[in-house]
Student: 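Once you've had a glance at the structure underneath, I'll fire off some questions.
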Amino acid sequence: MKAIKFLTHIILIILLTAITQIGGVIYLISLIIKPYLINRTRLNKKIVFSGVFIIMYFLFSVLIIPPVAKSYGREALPVFSNKNLKPLNIMTCILNRHYVRPELKENIKSVAKKMNKKYPNTILSYLDANFPFYNGFPLLPHLSHNDGKKLDIAFFYKDKSDNELNKKTPSFMGYGVFEEPKKGEYNAPKNCKDKGFWQYSILENFVPQWKKEDMVFDSKRTKSMVQFMLQEKNTGKIFIEPHLKTRMGLQNNKIRFHGCRAVRHDDHVHLQIR
Ligand SMILES: [Zn+2]
């Protein structure tokens, strides 16, 4: 019984570290202080432990991690404070997956500002960025998001009546509902699958697809966003699925194909600085 309990703790610490980076350490601290707290209350032990963990996790995330990360060269992207730039899903920030280098933060804030000037009331929705600490610590499942220089941004969409939508994508998390290649367009997903890269379209199987018919890919605003990204001096590479690059008439050697070992990029734009 003790061995199972110990193993469960280890698995949870590993999982929390993989998903949030700091969650594993906070779980460990909660385990250490648990005996002192449980002796002082008659409440159920599990409720006390869960409460301690959640409160500590939020206190660390809001008060301690941001200033410490800043001293290590990473800053949190705006959560509520910037009207042009917000997370698509607040879970990105709750899980501490919204940290970038200050230069990337300035880059994307400038893109969001320019977008708002061209298309008033447009909000850029960011997806996964990086964890707050350590170069080389990957933000799974994105292996390359490990140095504060990478950021994913959701595509723009319109509703069926041609109204521009903001902070809304057919996928609840911005990934996994794809703007498929049309007949006659180059089909990298099929090409990668034929070569044996089974993971390329894997997200489609896990993300609900039922909103796909309600939203239309907004190629006009998405193209402008990529063009504004290209105007930023420190933009190094942009990944987007080849059929969309061609469809939107985007020509720039900073827009690259990410390769079959990655996953599809016809649901979001990947931006990285030099
Ligand atoms: Zn990415």
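Order of listing sets the numbers, starting from 1, for every ligand and every atom in it.
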Student: Starting from the Zn ion (ligand 1), look over the N/O/S atoms of H270 and name the nearest one.
Tutor: ND1
Student: May I ask you to check whether H142 brings an N, O or S atom to under 2.8 Å from the Zn ion (ligand 1)?
Tutor: no
Student: Which pairs, with at least one residue in residues 52-98 and sequence neighbours excluded, count as a disulfide bond (SG atoms under 2.5 Å apart)?
Tutor: none
Student: For the residue pair F217 and F155, categorise the inter-ring angle as parallel (less than 30°), tilted (30 to 60°) or perpendicular (more than 60°).
Tutor: tilted
Student: Are I32 and F53 connected in the hydrophobic side-chain network, where two residues link if heavy atoms are under 4.5 Å apart?
Tutor: no
Student: Which angle, to 10 degrees, forms at the Zn ion (ligand 1) with NE2 of H145 on one side and OD1 of D152 on the other?
Tutor: 110°
Student: Going by disulfide bond (SG atoms under 2.5 Å apart), name the pairs with one or both residues in residues 238-274, residues two or more places apart or in two chains.
Tutor: C192-C260
